[in-house]
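Taking it in order: structure first as structure tokens, then the write-up.
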Amino acid sequence: MRSIRAAAVGAVTLSLALAATACGGGSSTGGGSDDSPKTLTYWASNQGASIEIDKKVLQPELDKFRKQTGIKVKLEVVPWSDLLNRILTATTSGQGPDVLNIGNTWSASLQATGALLPWDAKNFAKIGGRDRFVDSALGSTGAVGKDPAAVPLYSMAYALYYNKKIFADAGIAKPPVTWDELIADGRKISAKGKSVLGAEGGNGSENIHHVFVFAKQHGADFFTSDGKPDFTNDNVVAAVKQYVDLMAKDKVIPTGDAEYAQNQSVSDFAKGKQAMLLWQSASANLTSQGMSDSDYGIAPVPVQSGTPGTGTQVNSMVAGINLAVFRNTKNLDGAAKFVKFMTSDDEQKILNTAYSSIPPVKAAQQDPAFNTPANSVLKDTLATSAAALPQVAAESQFETTVGTAVKNLFAAAAAGKAVTTDSVKAELAKAQQQMPAA
């Protein structure tokens, strides 16, 4: 969902999520007005290394929009720890911003509230048409068969970042292609006194992103084809155990990372404390922390065997940020103009360059500025070996319950407790019991 933001989504209670589904803002059709044509409120997600950095990136663009349209945009950059709860509260109260960022994995959940403007053919026409956007980004904008609940803004993918000097000192010539290779490299790195692989074990969303990929590599999904939770499937259990075992058994993730939830693993990597990092579009964050791009390499996330691709060779979720409009906005025309501006070719180049993400707009993505070696890995991953998280109404609850289950398993591993197939299955069964009835 993010490039260089903290991915920690606040815990969302089931009662609030169900209330949002039942009481979404706006009516089931139509919605919006133009009662306040000269102002817009915009909730932007925290993409930069700090909220202040985001303001420095965004405010000049909002000033540009005001000069073009006469519409003033009131900006609030919302931390990821607060964003989902803030949005769900707004859907129940009907008092939300005009335009907002949402993590693309939340699209179907927020769509189910009825609070967001649907992007039907008429609305897409206002911003230049649906065909301007790449298919992989559109695949994470809402439930299959329904008009999207949002428009893609930033696209991201996971990659393996590795410290070149630490690798050279350990006698490692190239980045690992498989998990077995990563574990073997880890022994050489540990022998040199360095940590091997960073993780955010206390961060529910990061946990979800990784166990989703491991599940794909085990040929499993967390939901059945008709959208029912299937968390205790043997292959899902094996996938979650393999991820947690990177700490519990294989000793490549430090036990201290069980408590990380605010990008500490990125900082450790930037400071040369660890050899590898699995992250979404991390280059801008690493640069902001003083790490030269010549100090690290970027490679695809490992797979079980062979090379990344579809099916069991998936090695990333389709990450990204979408731009949504509240259905009950008082400036519907202005909101549409703002979305058109933010997804214009020029703005896509500016914003995605600032955040080291990939433009989901085709023309902007083809710009030479996005043909760097780092972006090549990310673009190839998005095009060939990334999969969208389940676009189901209960997705946000899934992130909360399963993300917490994995957090608990990391905590057990850090405390020296055995992480067994049975203990993994028990945590996942507990998570499944907290899911709403289908």
Side-chain angles (χ1 to χ4, degrees), residues 1-2 7-18 80-81 84-85 88 103-110 112 140 158 199-248 253 257-261 278 280 314 316-319 387-413 419-438:
M1 290 184 331
R2 50 96 196 94
V9 177
V12 182
T13 64
L14 182 57
S15 60
L16 176 58
L18 292 175
W80 280 94
S81 56
L84 184 55
N85 281 334
L88 288 173
N104 66 352
T105 64
W106 305 337
S107 295
S109 293
L110 296 176
S140 293
Y158 275 88
E200 301 278 316
N203 184 324
S205 289
E206 278 294 306
N207 290 338
I208 285 297
H209 298 167
H210 294 302
V211 298
F212 169 76
V213 168
F214 274 96
K216 285 292 184 184
Q217 293 186 3
H218 281 259
D221 282 297
F222 282 90
F223 291 85
T224 62
S225 59
D226 57 355
K228 295 178 181 178
D230 190 24
F231 302 166
T232 57
N233 176 292
D234 286 348
N235 287 344
V236 168
V237 172
V240 172
K241 187 175 187 300
Q242 184 182 6
Y243 179 53
V244 177
D245 270 348
L246 292 175
M247 177 187 292
I253 296 177
D257 287 21
E259 298 181 359
Y260 280 7
L278 296 170
Q280 302 174 40
V314 162
S316 177
M317 43 87 71
V318 177
L389 262 75
Q391 293 294 301
V392 295
E395 201 283 332
S396 62
Q397 295 99 306
F398 157 63
E399 289 199 21
T400 300
T401 60
V402 175
T404 300
V406 179
K407 175 182 175 179
N408 293 341
L409 290 164
F410 271 127
V419 175
T420 65
T421 297
D422 287 343
S423 66
V424 172
K425 192 167 188 175
E427 282 290 345
L428 291 171
K430 191 189 308 178
Q432 184 161 314
Q433 288 172 359
Q434 297 174 51
M435 294 292 290

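Numbers here are sequence positions counted from 1.
- Contact check for Thr105 versus Phe212: no side-chain heavy atoms found under the 4.5 Å cut-off.
- Atom OG1 of residue Thr421 and atom CG of residue Asp234 lie 9.0 Å apart, to the nearest 0.5 angstrom.
- We find the CG-CH2 distance between Leu389 and Trp106 to be 12.5 Å, quoted to the nearest 0.5 Å.
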Is there a side chain to side chain contact (heavy atoms under 4.5 Å, CB included) between Ile253 and Tyr260 once you walk through the steps? CA-CA 11 Å; Ile253 296 177; Tyr260 280 7; over 6 Å; no
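- With values rounded to the nearest 0.5 angstrom, Phe231 atom CZ is found 13.0 Å from Glu427 atom CD.
- Scanning both residues, Ser109 and Val392, for their nearest heavy atoms gives OG-O, 3.6 Å.
- Evaluation of the salt bridge (Lys or Arg N to Asp or Glu O under 4.0 Å) rule for Asp245 yields Lys241 as partners, not counting sequence neighbours.
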Evaluate the criterion side chain to side chain contact (heavy atoms under 4.5 Å, CB included) for residue pair Leu409 and Val240; output intermediate values, then yes/no. CA-CA 9 Å; Leu409 290 164; Val240 172; 3.9 Å; yes
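- Minimum interatomic distance between Pro390 and Glu395 (heavy atoms only, all atoms of both residues): O-CG, 3.1 Å.
- Proximity of a side-chain donor or acceptor of Asp230 to a complementary backbone N or O of Thr224 within less than 3.5 Å is not detected.
- Under the ring pair (Phe, Tyr, Trp, His ring centres under 6.0 Å) criterion, Phe410 pairs with Tyr243, not counting sequence neighbours.
- No donor-acceptor distance shorter than 3.5 angstrom exists from the side chain of Ser140 to the backbone of Asn104, with no hydrogens or angles considered.
- Put simply, the side chain of Thr232 never gets that close to the backbone of Lys425: no donor and acceptor are under 3.5 Å apart.
- When only modelled atom types and interatomic distance are considered, Glu399 and Ser205 share a side-chain donor-acceptor pair under 3.5 Å.
- Scanning all heavy atoms of the two residues, the minimum distance from Ala388 to Val318 falls at N-CG2, 3.6 Å.
- Side-chain contact check for Asp422 and Thr420: no donor-acceptor pair (N or O, by modelled atom type) lies under 3.5 Å.
- Judged by distance alone, with hydrogens and angles left aside, the side-chain atoms of Asn233 form no donor-acceptor pair with the main-chain N or O of Phe222 at under 3.5 Å.
- Ala112 and Ala393 make their closest contact through CB-CB, 3.8 Å (heavy atoms, listed as atom of the first residue, atom of the second, distance).
- Here CD of Gln280 is found 5.5 Å from NE2 of His209. Values are rounded to the nearest 0.5 Å.
- Applying the side-chain hydrogen bond (donor to acceptor under 3.5 Å, both in side chains) criterion to Glu200, with sequence neighbours excluded, gives Ser265.
- Under a cut-off of 6.0 angstrom, the local environment of CD in Glu259 is sparse, with at most 12 non-hydrogen atoms contributed by other residues, nucleotides or ligands.
- The two atoms that bring Ala199 and Asp257 nearest to each other are N-OD2, 3.0 Å, heavy atoms only.
- From Thr400, atom OG1 reaches atom NZ of Lys407 across 11.0 Å, with rounding to the nearest 0.5 Å.
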When you look at Lys216 and Asp221, which way does the side chain to side chain contact (heavy atoms under 4.5 Å, CB included) test go after all the steps? CA-CA 6 Å; Lys216 285 292 184 184; Asp221 282 297; 2.8 Å; yes
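- Going from atom CG of Asn85 over to atom OG of Ser396 covers 9.5 Å, rounded to the nearest 0.5 Å.
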Could you go through Asn207 and Asn203, starting from their C-alpha distance and side-chain angles, then the distance that decides it, and tell me whether this counts as side chain to side chain contact (heavy atoms under 4.5 Å, CB included)? CA-CA 6 Å; Asn207 290 338; Asn203 184 324; 5.7 Å; no
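- Between Tyr158 and Ser316, the shortest heavy-atom contact is N-OG, 2.9 Å.
- One N or O on the side chain of Thr401 and one on the backbone of Gln397 form a donor-acceptor pair closer than 3.5 Å.
- Side-chain contact check for Val236 versus Leu428: some heavy-atom pair is nearer than 4.5 Å.
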